[in-house]
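Data first, discussion second: the structure below is written as structure tokens.
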Amino acid sequence: MAVTGDETETGTSGDLTACQLQNTGSSLPQGGAETSTQGFVKSANPSQKREHRLMKNREAARECRRKKKEYVKCLENRVAVLENQNKTLIEELSSIKDIYRHKVE
DNA sequence: CAATGATCCCGTCAAGTTCG
DNA sequence: CGAACTTGACGGGATCATTG
């Protein structure tokens with residue numbers, strides 16, 4: 001097993017409400033800077049168009065993976081928190097049962 | 001130390017979705 | 001409706017750990 005991971009669900013102390021994926025319309029340099037996509041795409045020859053498309057997709061894939069990774073990390077945090085909650089509730093229930101038992105006896 | 005397996009990250013393609 | 005965007009799937013290279 002290659003434990004490359006430096007991840008682990010460290011607290012991040014986050015309030016993890018909803019780990020939502022989907023386009024938050026977040027970062028992504030889409031409309032941004034560099035190649036003024038508009039004019040370029042029209043005047044470019046097919047191979048330039050292809051190159052441009054590949055480049056765009058390359059960046060998109062990177063961003064997509066980044067978001068997915070973030071999403072998974074968020075889910076992992078959520079699992080950790082819920083497991084803790086569950087544990088606490090089980091203990092609480094157990095002590096309530098105890099109290100009840102003593103009263104009955 | 002070489003072979004092997006596991007895992008990660010990347011680039012590309014294809015199909016689906018969104019938007020002007 | 002077409003162009004741009006998003007994402008799952010696939011194949012390949014790099015790196016690390018284990019094993020004989």
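To find a chain, count down the sequence lines: A is the first, B the second, and so on, and within it residues start at 1.
Residues satisfying the side-chain hydrogen bond (donor to acceptor under 3.5 Å, both in side chains) criterion with A:S47, sequence neighbours excluded, are A:N45. Legend: residues meeting side-chain contact (heavy atoms from CB on, under 4.5 Å) with A:R50, ordered by chain and number and at least two apart, are A:R53, A:L54. When the salt bridge (Lys or Arg N to Asp or Glu O under 4.0 Å) test is applied to A:E83, no partner is found at least two apart in sequence or on another chain.
A distance of 8.5 Å separates CD of A:E76 from NZ of A:K73, quoted to the nearest 0.5 Å.
Apart from A:L82 itself, the hydrophobic cluster it occupies contains nothing, where clustering links Ile, Leu, Val, Met, Phe, Trp and Tyr at side-chain heavy-atom distances under 4.5 Å.
Summarising the geometry, the separation between CD on A:E63 and C1' on B:dC9 is reported as 15 Å, rounded to the nearest angstrom. In this structure, A:R50 places its CZ atom 11 Å from C1' of B:dG11, rounding to the nearest Å. The nearest whole Å value for the distance from the CD atom in A:E59 to the P atom in C:dT7 is 15 Å. Atom C1' of nucleotide C:dA3 and atom CZ of A:R53 are separated by 12 Å, given to the nearest angstrom. One can place NE2 of A:H52 at 12 Å from C1' of C:dA3, the figure rounded to the nearest angstrom. Atom C1' of nucleotide B:dC8 and atom NZ of A:K73 are separated by 14 Å, given to the nearest angstrom. Atom-to-atom, NZ of A:K69 to C1' of B:dT7 comes out at 11 Å; the value is rounded to the nearest Å. A:R58 has its CZ atom 17 Å from the C1' atom of C:dT6, to the nearest Å.
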What pairs of nitrogen or oxygen atoms, one from the protein and one from nucleotides 8-14 of chain C, lie under 3.5 Å apart?
{"unit_1": "C:dA9", "atom_1": "N6", "unit_2": "A:R65", "atom_2": "NH2", "d": "3.4"}

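Residue A:R66 has no polar side-chain atom (N or O) positioned under 4.0 Å from OP1 or OP2 of C:dT7. Close to B:dG11, at under 4.0 Å from its OP1 or OP2, lies a side-chain N or O of A:R62.
Between A:R66 and A:E70 there is a salt bridge, with a side-chain nitrogen of the basic residue lying less than 4.0 Å from a carboxylate oxygen of the acidic one.
Sorted by first and then second residue, the side-chain hydrogen bond (donor to acceptor under 3.5 Å, both in side chains) pairs involving residues 90-103 of chain A (not counting sequence neighbours) are A:D98-A:R101.
Side chain of A:K67, nearest nucleotide from C:dT7, C:dC5, B:dT12: C:dT7.
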